[in-house]
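Shown next, in structure tokens, is the structure this report addresses.
Only heavy atoms go into these numbers, but all of them, side chains included; no hydrogens, no water, no symmetry mates.
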Amino acid sequence: MPYGPDEVGVGPWPGGEAAWPDDPRYDPVLLRDGDRRNVVDRYRYWTLEAVVADLDTRRHDLHVAVENWQHDFNIGTVVRTANAFLAAEVHIVGRKRWNRRGAMVTDRYQHVRHHPTAADLAAYLADRGTPLYGVDNLPGSRHLETLALPRRVCLLFGQEGPGLSEDAREACEATFSIAQFGSTRSINASAAAAIAMHTWVRQHADLGAEETWRG
């Protein structure tokens, strides 16, 4: 059965150029041609720069980091989720080039910073008073479900398969794992990142804010 609108977004601004809003946040090209981007209605017809500037006024104190040694396709999905939860920054550790396919262009709206090593990431965060917590099902990891997350924190995730590298484990102040009950030994890296980010959201985000919406 078909469902949903035939096209994402909106068409050209009704009424033509004479009816265009007199507001510098609006993009003349989008007003003329329509806005088919994957953005919430609040940002329809806005320029990319205007959207980022508005997001910057209310970003959370949550940072997200992911190791990039194998060009993991999950990295893009982690960036997309970080955008959805309005993380302050996403940090790519390791190779500078990363697989953007899963990001679905959301990296344009998200501050993404590169660090050659986990130690470099830890030093950057220490200068900003932000603790680094690893998320992996390692021996000795504490329970994420019972953790009172700091408001200012960075959650670090490893690659799909090997998980956090030895260097990453050494750089973290502590590591935490997600409870599992089935036969598989691990869950997908991007799924684990989403669960961990949402744990922060439940504890610290303003769920009643005007800008909060439910997908």
Side-chain angles (χ1 to χ4, degrees), residues 58-70 72-94 98 102-103 106 110-113 115 117-126 128-209 212 214-215:
R58 53 190 180 85
R59 288 192 189 274
H60 292 137
D61 291 326
L62 170 66
H63 290 246
V64 178
V66 59
E67 291 192 284
N68 179 34
W69 306 111
Q70 303 172 351
D72 191 345
F73 69 91
N74 286 285
I75 294 176
T77 308
V78 172
V79 172
R80 182 179 181 182
T81 305
N83 169 268
F85 293 144
L86 200 57
E89 293 182 330
V90 175
H91 304 271
I92 308 296
V93 180
W98 54 279
T106 54
Q110 183 66 49
H111 298 300
V112 180
R113 189 177 299 274
H115 306 272
T117 68
D120 293 321
L121 168 65
Y124 172 85
L125 295 170
R128 289 153 182 79
T130 304
L132 178 62
Y133 287 177
V135 180
D136 200 352
N137 58 349
L138 300 169
S141 289
R142 293 152 62 185
H143 295 172
L144 181 67
E145 294 78 14
T146 57
L147 169 66
L149 279 167
R151 176 174 289 276
R152 181 179 293 276
V153 69
C154 181
L155 302 176
L156 173 60
F157 305 91
Q159 295 278 260
E160 181 73 21
L164 291 172
S165 68
E166 288 293 338
D167 289 343
R169 299 178 194 183
E170 292 180 6
C172 292
E173 296 187 21
T175 57
F176 300 86
S177 62
I178 298 168
Q180 299 172 201
F181 305 92
S183 61
T184 182
R185 65 175 299 275
S186 65
I187 59 178
N188 175 268
S190 59
I195 291 169
M197 283 186 257
H198 194 254
T199 299
W200 186 97
V201 165
R202 292 183 62 188
Q203 294 182 24
H204 296 295
D206 182 359
L207 301 180
T212 301
R214 298 185 176 273

Does the [X] side chain pair with the main chain of [Y], one donor and one acceptor, at a distance under 3.5 Å?
| X | Y | answer |
| --- | --- | --- |
| His115 | Ala123 | no |
| Ser186 | Gly161 | no |
| Thr212 | Gly208 | no |
| Glu145 | Ala179 | yes |
| Glu160 | Asn74 | no |

Locate the shortest heavy-atom distance separating [X] from [Y]; write the atom from each residue and the value.
| X | Y | value |
| --- | --- | --- |
| Ala87 | Val64 | CB-CG2, 4.2 Å |
| Met197 | Val78 | CE-O, 3.8 Å |
| Asp136 | Ser141 | O-OG, 3.1 Å |
| Leu156 | Ala168 | CD2-CB, 3.8 Å |
| Leu144 | Thr199 | CD2-OG1, 3.9 Å |
| Ile178 | Ala192 | CD1-O, 3.6 Å |

Do [X] and [Y] have side chains that get closer than 4.5 Å, going by heavy atoms?
| X | Y | answer |
| --- | --- | --- |
| Val66 | Trp98 | no |
| Gln70 | Pro162 | yes |
| Leu207 | Val201 | yes |
| His63 | Arg128 | no |

Pairwise distance [atom1]([X]) to [atom2]([Y]) - rounded to 0.5 angstrom:
| X | Y | atom1 | atom2 | value |
| --- | --- | --- | --- | --- |
| Arg59 | Glu89 | CZ | CD | 9.0 Å |
| Leu62 | Gln203 | CG | CD | 11.0 Å |
| Arg151 | Thr130 | CZ | OG1 | 13.0 Å |
| Tyr124 | Arg113 | OH | CZ | 3.5 Å |

Holding to salt bridge (charged side-chain N to carboxylate O under 4.0 Å, His left out), I want the full list of residues that pass it with Arg142, two or more places apart in sequence or in another chain.
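Arg142 satisfies salt bridge (charged side-chain N to carboxylate O under 4.0 Å, His left out) with no residue once adjacent residues are dropped.
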Identify which one of Trp200, Phe157, Phe176 satisfies the ring-ring contact (aromatic ring centres under 6.0 Å, His included) criterion when paired with Tyr133.
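Of Trp200, Phe157, Phe176, ring-ring contact (aromatic ring centres under 6.0 Å, His included) with Tyr133 is met by Phe176 alone.
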Cut-off 3.5 Å, side chains only: do Asn137 and Ser177 have a donor facing an acceptor?
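Short answer, no.
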Any pair with a residue in residues 167-178 that passes salt bridge (charged side-chain N to carboxylate O under 4.0 Å, His left out), sequence neighbours left out, goes on the list, sorted by first then second residue, please.
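Salt bridge (charged side-chain N to carboxylate O under 4.0 Å, His left out) check on residues 167-178 returns Glu166-Arg169.
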Could you go step by step and tell me if Asp120 and Thr117 meet the side chain to side chain donor-acceptor pair (under 3.5 Å) rule?
CA-CA 5 Å; Asp120 293 321; Thr117 68; 2.8 Å; yes
When you look at Asp206 and Arg58, which way does the side-chain contact (heavy atoms from CB on, under 4.5 Å) test go after all the steps?
CA-CA 11 Å; Asp206 182 359; Arg58 53 190 180 85; over 6 Å; no
Under the side-chain contact (heavy atoms from CB on, under 4.5 Å) criterion, do Thr77 and Asn188 qualify, and how do the steps go?
CA-CA 11 Å; Thr77 308; Asn188 175 268; over 6 Å; no
